[in-house]
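Working notes, structure below.
In what follows, chains are A, B, ... by sequence order, proteins preceding strands, each numbered from 1.
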Protein chains: 2
Amino acid sequence: MDLQTPLIKDRNCSSCPIRHRAVCATCDDDEIVTLDAMKYYRSFDAGQPIMWAGDRMAFVGSVVSGTATIERLMEDGRKQTMGLLLPSDFIGRPGRDTATYDVTAITDVTLCCFRRDSFEKMVAQTPHISQRMLEMALDELDAARDWMLLLGRKTAREKIATFLMMIVRRSTEGEAVLTTGSKQITLPLTREAMADYMGLTLETVSRQFSKLRKEGMIVMDGKRDITIPDVEALQAETGSDLS
Amino acid sequence: MDLQTPLIKDRNCSSCPIRHRAVCATCDDDEIVTLDAMKYYRSFDAGQPIMWAGDRMAFVGSVVSGTATIERLMEDGRKQTMGLLLPSDFIGRPGRDTATYDVTAITDVTLCCFRRDSFEKMVAQTPHISQRMLEMALDELDAARDWMLLLGRKTAREKIATFLMMIVRRSTEGEAVLTTGSKQITLPLTREAMADYMGLTLETVSRQFSKLRKEGMIVMDGKRDITIPDVEALQAETGSDLS
DNA sequence: CGTCAGGTTGATTAGGATCAACACAGGTGG
DNA sequence: CCACCTGTGTTGATCCTAATCAACCTGACG
């Protein structure tokens, strides 16, 4: 009876790992029952497109596991990544029927999806959801604006330091806020993907990592695993005020 | 100069010039009556701060007339402008009590304000408003992401061309969409403010304007007034796909 | 094994930043 | 009325950061 599609089919909202942070975070029990019936899971392999700019958006959804990027390409191949999508982040825009950005799975990704038309109805009828959507959209807007400062005004070194601190912050979510001491992180992106996110080339990213390593600001345990011996010192390299 | 300012006190929502595009656009008559009673106008002279990053946000509001910028400063004085606020644009973030950005009036500005706490209650109780807020936040998010491509990947020349086309588009709002022929525009920003918006220096902005002028892409009728003889040709310089 | 994706490092170039001088209009006060 | 100042803008000379071009390394995998 149960062939492929292992655990996913059995999942329900009450055991959902992103239940408390996703778009459904503020829904009450009745609303969750409705969403539970509407939802379906989709999986994407690392490297696969989830959505193409210009395509019709048939669904919206939340990242349950894995990492994806929001990006846009220019005709000549230049690429800018506008955001990382981590578990609990929302994909898609109710009220618009074609995607304006490419969304790409960079690790294996599982989404909790809703058909766009049904979800739009649900948003219109459920203040808990539209209010939560607003909250999340405003958070993303703040993040986008912070990134605009990075892209427009920060040096390569400051960009890398800021990026690393963002990873530290995201991987510390839930735990006590960490502003001092050491921290171990795993980079979710290749050098090239980091470059596209920060408006640099992959060579510049690589060089800045080497420089920070030689200076002892970071210790590399493999290409993707990094220890930051002194988080405060790295923070001081970001150029940001300590918000 | 502005003999219109006295009129502000008499304004009510039914004669409001931004009624159909602002946060209140989708409100019904009853809701407008409530907002009408809650609102108050505030004016700011050109150059004056409207809000400081870190300050307590006592109010939110809509731009009724004039232009303001959203920007952030680094300790060493580097500045990045994250957005222009034109009539009907919304200032402030319900659900947050300190501002995360500076907002500055760059021309004389009139705002239609609401006390933040009352507005938040209204948002919570009025789906028309929270839905409109969501729509506007998502539009701003799209605009911010488009600008991230400009900041991260475009050349100085492409940045200027993109900026000019944005002004063309905004000053054409309501009229038929113009993708060809000539167009006259007035720049709302100084060279320095444009530089801060595009992640350039004022010298580079000035040089690129001179270059476009020498090439005949633009004609300058004074420092701030520009004629674009061939809008399509300028669009071709933006590096963007024709979305 | 050979191939390929991901990464590092070196040499050179170029696009903008920086530093600097000057132009010009609009006040302002003597 | 003029001398002076200040904010805004232009242009030139030089410098520097990051892009570009290129070689090579490593590990995974068919």
Query raised in the report: Is Thr190(B) touching bases, backbone alone, or none of the nucleic acid, heavy atoms closer than 4.0 Å?
Result: sugar-phosphate

**Report entry** Which atom of Val60(B) lies closest to which atom of Arg93(B), heavy atoms considered
**Finding:** CG1-N, 4.2 Å

Requested in this report: Find the distance Glu203(A):CD to dT13(C):P and express it as a whole number of Å.
Outcome: 17 Å

Query raised in the report: Any idea which heavy atoms bring Ser62(A) and Ile18(A) closest together, and the distance?
Result: CB-CD1, 3.8 Å

Query - Nearest non-hydrogen partners of Gly199(B) and Leu151(B), listed with the distance - result: N-CD2, 3.8 Å

Requested in this report: Describe, in one word, how the ring planes of Tyr197(A) and Trp147(A) are oriented to each other, choosing from parallel (under 30°), tilted (30 to 60°) and perpendicular (over 60°).
Outcome: parallel

Report task. Answer with base, sugar-phosphate or nothing: what part of the nucleic acid does Leu202(B) contact at a heavy-atom distance below 4.0 Å? Result -> base

Query raised in the report: Say you draw a straight line from CD of Glu71(A) to CG of Asp102(A); how long is it, rounded to the nearest 0.5 Å?
Result: 6.0 Å

Query raised in the report: Quick one, which residues of residues 206-219 of chain A touch DNA chain C with a heavy atom under 4.0 Å?
Result: Ser206(A), Arg207(A), Ser210(A), Arg213(A)

Query raised in the report: Under 4.0 angstrom, heavy atoms only, what part of the nucleic acid is Arg224(A) near: base, sugar-phosphate, or nothing?
Result: sugar-phosphate

Report task. Please work out if Arg157(B) contacts a base, only the sugar-phosphate, or nothing of the nucleic acid, heavy-atom cut-off 4.0 Å. Result -> nothing

Requested in this report: Quick one: pull up CD in Glu192(A) and NZ in Lys79(A) and give me the separation to the nearest 0.5 Å.
Outcome: 6.5 Å

Query - Atom pair distance, as rounded to whole Å: NZ in Lys154(B) and C1' in dG15(C) - result: 17 Å

Query raised in the report: Can you name the closest pair of heavy atoms from Pro87(B) and Ser65(B) and give their distance?
Result: CG-CA, 4.0 Å

Only distances under 3.5 Å count here; give the side-chain donor-acceptor pairs of residues 47-59 of chain A to other protein atoms, sequence neighbours excluded, each with its distance to 0.1 Å.
from	atom 1	to	atom 2	distance (Å)
Arg56(A)	NH1	Asp97(A)	OD2	3.2

Requested in this report: Work out which heavy atom in Gln235(B) is nearest to a heavy atom in Arg169(B); give both atom names and the distance.
Outcome: OE1-NH2, 3.8 Å

Report task. Specify the residue among Arg153(A) and Leu189(A) whose closest nucleotide of DNA chain C lies further upstream toward the 5′ end. Result -> Leu189(A)

Query raised in the report: CZ of Arg191(A) versus P of dG7(C): gap in Å, rounded?
Result: 5 Å

Requested in this report: Tell me what Gly47(A) touches on the nucleic acid: a base, only sugar-phosphate, or nothing, going by heavy atoms under 4.0 Å.
Outcome: nothing

Query raised in the report: Along DNA chain D, 5' to 3', what are the outermost nucleotides having an atom less than 4.0 Å from a heavy atom of chain B?
Result: dG9(D) to dA13(D)

